[in-house]
> 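Could you have a look at this structure, given as structure tokens, before my questions?
Just so you know, these numbers use all the heavy atoms, side chains as well, and skip hydrogens, waters and symmetry mates. Below, read A as the first sequence line, B as the second, and so on, with proteins coming before strands; counting in each chain starts at 1.
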2 protein chains.
Amino acid sequence: MNGPLRSGELAQAAGVNQQTLRYYERRGLLAEPVRSPGGHRLYPAEALTVLRVIKTAQRLGFTLDEVAELVDLGTHRHGRRRDASLQKRATAKLSEIEARIADLQAIAASLRAALAAGCDDLATCATTDCCPLPFADLDRKGPAS
Amino acid sequence: MNGPLRSGELAQAAGVNQQTLRYYERRGLLAEPVRSPGGHRLYPAEALTVLRVIKTAQRLGFTLDEVAELVDLGTHRHGRRRDASLQKRATAKLSEIEARIADLQAIAASLRAALAAGCDDLATCATTDCCPLPFADLDRKGPAS
DNA sequence: CGTAAGCCTGTACCCGGGTACAGGATGCAA
DNA sequence: TTGCATCCTGTACCCGGGTACAGGCTTACG
């Protein structure tokens, strides 16, 4: 009942730009599909699942490179021993995210403190030391992004 | 005791690449300094304060464009009525950050759920519906970055 | 005065995740 | 068979925040 999908159809079904499909293909996230005699891509229905997986993993904070690894981790099934690397990666990613949350919470706390102190001019704040903002530590990195 | 700073000195004092100073100057974050007869930049000591402000604001989650606004908000002093826009912006930024935290917390919860469920293959997870990961909602944006 | 360290300019490149555009070739229906 | 939608390819561009490099000039010290 559902034959192969053309790229536009798949893109629409997945809520993704059509160029993005090509992009994912280049990045090795999406397998190269069969082509029609004239060279048009014809995707199997499973491609939609793959895209869902990609989007979900991305939403979970994995980069496309990481997603690519996760994907052919699933398809290759290294050896046939059912390895636990997905859990390992998820655990690692979880602590990354927890670190990011902690960082953002520190930032939020600083902002709240500055608001409470009623600062209204950063230049002044930075010179008079009444302001709770941490102007000193320049060696820290930017906002956890 | 502290005369004008040369660009390398300022860069080092601020813990910033020297190119970054030029970059900030182009972006309008750092005022164009006086030049030596031969064209070398000579920064007043206040430039270091400005850099501290920039770095701090950046650390608080403001983009460089926003920092630029904040900076000449402080220097221009629109009219002479002491406006509360710094507070407004800080408040807005604070809720942005709180939203990001909430988003990351939802993500962390998903990851924890997936770990608890013992998922080890995303492709399988996406088809069998035993997995707690939200594969359905493709319309959401990527990770709050 | 010579020489080395430091500075100048413009331009190009990096990351990650796409998006846009031009100029042809196909697919499908009437 | 014609016409229009869709698809193909390659290449270039976008965002944000810088960084790198080449080729030439200045400054400071001995």
> Restricting both atoms to N or O, compile the protein contacts to nucleotides 22-26 of chain D shorter than 3.5 Å, with distance only.
unit_1 : atom_1 : unit_2  : atom_2 : d
D/dT26 : O4'    : B/His40 : NE2    : 3.3

> Got a sec: does the CD of B/Gln12 have more than 12 other heavy atoms crowding it under 6.0 Å?
no
> Would you mind telling me which residue lines up with the more 5' stretch of DNA chain C, A/Gln19 or B/Arg41, judged by nearest nucleotide?
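The residue whose closest nucleotide sits nearer the 5' end is B/Arg41.
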> To the closest 0.5 Å, what do you measure between CG (B/Asp103) and CD1 (B/Ile97)?
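So the CG of B/Asp103 and the CD1 of B/Ile97 are separated by 13.5 Å.
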> Are any non-hydrogen side-chain atoms of B/Gln58 and B/Leu64 less than 4.5 angstrom apart?
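Yes, at least one pair of side-chain atoms sits under 4.5 Å.
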> Rounded to the nearest 0.5 Å, what's the gap from CG on A/Leu104 to CD on B/Glu98? Could you check?
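So the CG of A/Leu104 and the CD of B/Glu98 are separated by 10.5 Å.
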> Which residues satisfy the side-chain hydrogen bond (donor to acceptor under 3.5 Å, both in side chains) test with B/Asp65, sequence neighbours excluded?
B/Arg27
> Check every nucleotide of DNA chain C for an atom under 4.0 Å from a heavy-atom of chain A, then give the first and the last such nucleotide from 5' to 3'.
C/dG17 to C/dG27
> Given A/Arg41 and A/Glu32, is the salt bridge (charged side-chain N to carboxylate O under 4.0 Å, His left out) satisfied, shown in steps?
CA-CA 8 Å; A/Arg41 289 174 180 80; A/Glu32 295 187 24; over 6 Å; no
> What is the distance from atom CD of B/Glu69 to atom CG of B/Leu29, rounded to the nearest 0.5 Å?
11.0 Å
> Under 4.0 Å between a Lys/Arg side-chain N and an Asp/Glu carboxylate O for A/Glu25 and A/Arg22?
no
> Nearest nucleotide by nearest heavy atom, which residue falls closer to the 5' end of DNA chain C, B/Arg22 or B/Gly8?
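This one resolves to B/Gly8.
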> Starting from the 5' end of DNA chain D, give me the residue, A/Arg26 or B/Asn17, whose nearest nucleotide shows up first.
A/Arg26
